[in-house]
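Accompanying notes for the structure given below.
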Amino acid sequence: MQKSIWRGAIQTQNDQFEAKRQVVLRTAARIFSRQGFHQTTLADVAKALNVSKPTLYHYFKSKDEILLDVQQAAIDQILDAPIDTGASGYDQLVAFLRRYVEMIVDDFGTCLITTGVLPLEAENQKLVRKGSKRIEMLLREMLKQGIADGSVVRCGPRITAKFMFGALNWIPNWYRSEGELDVEALAARAIEFLTRGLRAPSGS
């Protein structure tokens, strides 16, 4: 990343710190995903940003803190998204799957999936696992609601959710943004594949 991009993160004096902090996070996420967390040093991140290594310590205390914040940012993309509680369980499920695909092909989501929690310190592993569990429970609840309102066929929500995440979480291992599918088309394919057989004939 060129110095002009680093400087370009400045929008106003008030958001300068947070804007640059986000540049560090996104740059680190890309490098962690590409070459691995343990193989990446803060010097590598600083070099990519064309800044000094001590500069990074102005924004983060450690490499572990950077990874934690990257992974939490990915999780928050799902947990902080609004849910249309007036929609059927099936329609909520479709919206969730679309958001999830968008998240995992983003720099933060790809890093969450490809790096995993094991490189984190023990306490930080617990935080990320807790967030991931909340995402899983959110999907399960949508499936349960769909079964209850008749928009989803009867199924085991826990096992169905496990199958869905298994398929979705593999996407960063093969998806390339420069390929034949853009993110919108990718999400549409994933939704078609994962919900086939789940939508009740009378579902909306």
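Side chains included, hydrogens not; waters and symmetry mates left out as well; all remaining heavy atoms used. Positions are given from 1, in the same order as the sequence printed here.
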Connected via hydrophobic side-chain network under 4.5 Å: [X] and [Y]:
X	Y	result
M103	W174	yes
L194	I159	no
F165	F163	no
V183	W170	yes
M137	M142	no

Taking all atoms of both residues into account, what is the closest heavy-atom pair of [X] and [Y], and its distance?
X	Y	result
A74	L112	CB-CD2, 3.9 Å
V128	I75	O-CD1, 3.6 Å
D64	P119	OD1-O, 3.9 Å
I113	N169	CG2-O, 3.0 Å
V70	A29	CG1-CB, 3.8 Å
L198	M164	CD1-CE, 3.2 Å

Hey, could you give me the [atom1]/[atom2] distance between [X] and [Y], rounded to the nearest 0.5 Å?
X	Y	atom1	atom2	answer
D182	S177	CG	OG	10.0 Å
I104	L186	CD1	CG	7.5 Å
L143	C155	CG	SG	5.0 Å
K61	I66	NZ	CD1	12.0 Å
L79	L138	CG	CG	7.0 Å
R34	C111	CZ	SG	11.5 Å

Might you confirm whether atom [atom1] of [X] has over 12 heavy atoms from other residues, nucleotides or ligands at distances under 6.0 Å?
X	atom1	answer
Q39	CD	yes
E184	CD	no
E121	CD	no

- Item | Passing candidate, side chain to side chain contact (heavy atoms under 4.5 Å, CB included) with Q92, options V152, D149, L97, I83 |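 Among V152, D149, L97, I83, the one that satisfies the side chain to side chain contact (heavy atoms under 4.5 Å, CB included) with Q92 is I83.
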
Donor-acceptor contact below 3.5 Å, side chain [X] vs main chain [Y]:
X	Y	answer
K47	S52	no
Y57	S62	no
D80	Q77	no
Q71	L127	no
K63	F37	yes
T110	D106	yes

- Task: Evaluate the side-chain proximity of Y90 to T195: yes if any heavy-atom separation is below 4.5 Å, no if none is.
- Result: yes

- Taking the side chain as every heavy atom from C-beta outward, state whether L56 and L49 have any pair of such atoms under 4.5 Å apart.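 L56 reaches L49 side chain to side chain.
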
- Message: Closer than 4.0 angstrom, basic N to acidic O: yes or no for R98 and E102?
- Response: no

- Item | Donor-acceptor pair between N124 and E65 side chains, under 3.5 angstrom |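 Judged by distance alone, the side chains do not pair up.
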
- Item | Residues Q145 and E141: side-chain donor-acceptor under 3.5 angstrom |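 Checked: Q145/E141 side chains show no N/O donor-acceptor pair below 3.5 Å.
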
- Task: Carefully, step by step, assess K133 and R129 under the rule side-chain contact (heavy atoms from CB on, under 4.5 Å).
- Result: CA-CA 6 Å; K133 187 64 176 179; R129 286 193 172 109; over 6 Å; no

- Test log, rule side-chain contact (heavy atoms from CB on, under 4.5 Å), inputs R199 and V153: CA-CA 6 Å; R199 186 174 190 179; V153 299; over 6 Å; no

- Message: Run the salt bridge (Lys or Arg N to Asp or Glu O under 4.0 Å) test on R189 and E192 for me, step by step, so that the C-alpha distance in whole Å, both residues' side-chain angles and the decisive distance to 0.1 Å come before the verdict.
- Response: CA-CA 5 Å; R189 292 280 187 91; E192 178 187 10; 5.2 Å; no

- Item | Cation-pi check, K20 onto Y59 ring (under 6.0 Å, within 45° of axis) |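 Verdict for Y59: no cation-pi partner in K20.
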
- Could you go step by step and tell me if D84 and D91 meet the side-chain contact (heavy atoms from CB on, under 4.5 Å) rule? CA-CA 9 Å; D84 182 1; D91 287 339; over 6 Å; no

- Query: Where do R26 and Q22 land on the side-chain hydrogen bond (donor to acceptor under 3.5 Å, both in side chains) test, with the steps shown first?
  - Reply: CA-CA 6 Å; R26 193 162 292 278; Q22 288 299 315; 5.6 Å; no

- So Y100 and I135, side-chain contact (heavy atoms from CB on, under 4.5 Å) or not? Walk me through it. CA-CA 10 Å; Y100 197 86; I135 290 176; 4.0 Å; yes

